[in-house]
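Order of the sequence lines sets the chain letters (A, B, ...), proteins ahead of strands, with each chain counted from 1.
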Number of protein chains: 2
Amino acid sequence: MAGARKPAALEEPGLEQVGLGALEHSAGLMLRIAQLTAFERFFALFGESEIKISEFTVLMAVAENPGIRQGVLADVLKIKWSNMTKLVRTLEERGLVARHVPRHDRRSVVLSPTDEGRRQIEKSGEKMYRLDREALSMLTDAEHDQLIALTRKIAGWPPISER
Amino acid sequence: MAGARKPAALEEPGLEQVGLGALEHSAGLMLRIAQLTAFERFFALFGESEIKISEFTVLMAVAENPGIRQGVLADVLKIKWSNMTKLVRTLEERGLVARHVPRHDRRSVVLSPTDEGRRQIEKSGEKMYRLDREALSMLTDAEHDQLIALTRKIAGWPPISER
DNA sequence: CAGAGATAGTTTATTTTTGAACAATTCAGA
DNA sequence: TCTGAATTGTTCAAAAATAAACTATCTCTG
């Protein structure tokens, strides 16, 4: 019927006989394809919802770091500042996070979760983690841990043990 | 001066004291952050150029699979069909790939590289792979292999050994 | 302390991506 | 064979992401 024929299910596209030759050793490309696959699967599981996954991620990050500057959060999550502005405004309008301009640096904006925001996390947090893991259910627990270790290293974050 | 303060160099954003709590165990999120980091680094190394990386990737994939249907390639590379249409047209206009409608199925379009396309690959292929590896230079060779194995598995591709 | 330059965030124009509607086939079953 | 559904690809309008210009504030240096 439409352009993309797959009904947003969890099927295999099935590389079949394609094969990308040397391209398959490009970790950058593979990283991207894997990421898109993972998100496709996640969204298929997650379905429609009020809050976007990017918004929920920011909300959770804010709850974990109350008083964080919005630009710092943007950099950590690799969200562009101009997008973060819009995203945070949405969260504020929904009463999930509060923006506050600190007296000592009136250029900046720091964020904290509202009670409603905390409630939202309480309500949906567990589901997020469950679906995130399920989207990657082709990996064993050991492989899952390996993936987290590798991605941390790529992102330049310290290994879990050192924190 | 501008929104993004970093001069597109290879600096550490330096997660510093942030820490995302449980979110750091979301492999989906980590996968995304790692992918964006890797691409950021790749582009910083790669600089300006005639051909976009997505275009070059398609060109190489076509050269590896002459006669492949454009929709199949789109699915494998996780490119939307509507984007693939535009992308392939660009490659055709530059004389790098040829489009051909096979007689037995006149709905479809199959692709093959032109001589000029092959020449382009000859010219730039090595550089691509080098920079791709360099963008992930924080990984050891063993980790790099691990990453490729994991991403293949996520994408639903067979392990290298089985091919 | 004046002022140049840097930093934080927002706004706006542009580009890119997406999704839905569409046309042209092909397929499959009555 | 005929007809309704499915496949393949394109087009186009809407949504999202990006980059560049801009405002406000802060910092540092002479």
### Task
Using the test side chain to side chain contact (heavy atoms under 4.5 Å, CB included), find all partners of Arg106(A) that sit at least two apart in sequence or belong to another chain.
Val101(A)
### Query
For the side chain of Lys80(A), counting heavy atoms from C-beta on, which of dG9(C), dT18(D), dG19(C) is nearest?
dT18(D)
#### Entry: Rounded distance in Å - CD1 (Ile79(B)) to C1' (dG9(D))
15 Å
### Query
Can you name the salt bridge (charged side-chain N to carboxylate O under 4.0 Å, His left out) partners of Arg119(B), sequence neighbours left out?
Glu116(B)
### Task
Using salt bridge (charged side-chain N to carboxylate O under 4.0 Å, His left out) as the criterion, list what pairs up with Arg118(B), not counting sequence neighbours.
Asp115(B)
## Note on the structure
Checking dT11(D), dT10(C), dT18(D) against the side chain of Trp81(A) (C-beta onward), the nearest is dT10(C)
#### Entry: Proximity to DNA chain C (any heavy atom under 4.0 Å), residues of residues 98-110 of chain A only
Arg99(A), Arg107(A), Ser108(A), Val109(A)
### Query
What is the distance from CE of Met84(A) to P of dT10(C), rounded to the nearest Å?
10 Å
### Task
For the pair Phe39(A) and Phe43(A), name the ring-plane relationship: parallel under 30°, tilted 30 to 60°, perpendicular over 60°.
perpendicular
### Message
Grouping I, L, V, M, F, W and Y whenever their side-chain heavy atoms are under 4.5 Å apart, do Ile33(B) and Ile148(A) come out in a common cluster?
### Response
no
#### Entry: Interatomic distance where NZ belongs to Lys86(A) and P belongs to dA16(D) [whole Å]
9 Å
### Spacing of CG belonging to Leu77(A) relative to CZ belonging to Arg32(B), to within rounding of 0.5 Å
9.5 Å
## Note on the structure
Only one of Glu122(A), Lys127(A), Gln120(A) passes side chain to side chain donor-acceptor pair (under 3.5 Å) with Ser124(A), and that residue is Gln120(A)
#### Entry: Interatomic distance where CZ belongs to Phe43(B) and C1' belongs to dT18(D) [whole Å]
13 Å
### Message
From CG of Leu87(B) over to C1' of dT18(C), roughly how many Å is that when rounded to an integer?
### Response
15 Å
### Query
Of all the choices, dT10(D), dT17(C), dA17(D), which nucleotide is nearest to the side chain of Asn83(A) once you look at every atom?
dA17(D)
### Query
In residues 46-69 of chain A, what residues come within less than 4.0 Å of DNA chain C, judged by heavy atoms?
Arg69(A)
Show me the side-chain donor-acceptor pairs of residues 61-70 of chain B shorter than 3.5 Å, one per line, residues at least two apart or across chains.
residue  : atom : partner  : partner atom : Å
Asn65(B) : ND2  : Gly19(A) : O            : 2.9
Asn65(B) : ND2  : Ala61(B) : O            : 3.0

### Query
Can you find a pair of side-chain heavy atoms, one from Arg94(B) and one from Ile51(B), that are under 4.5 Å apart?
yes
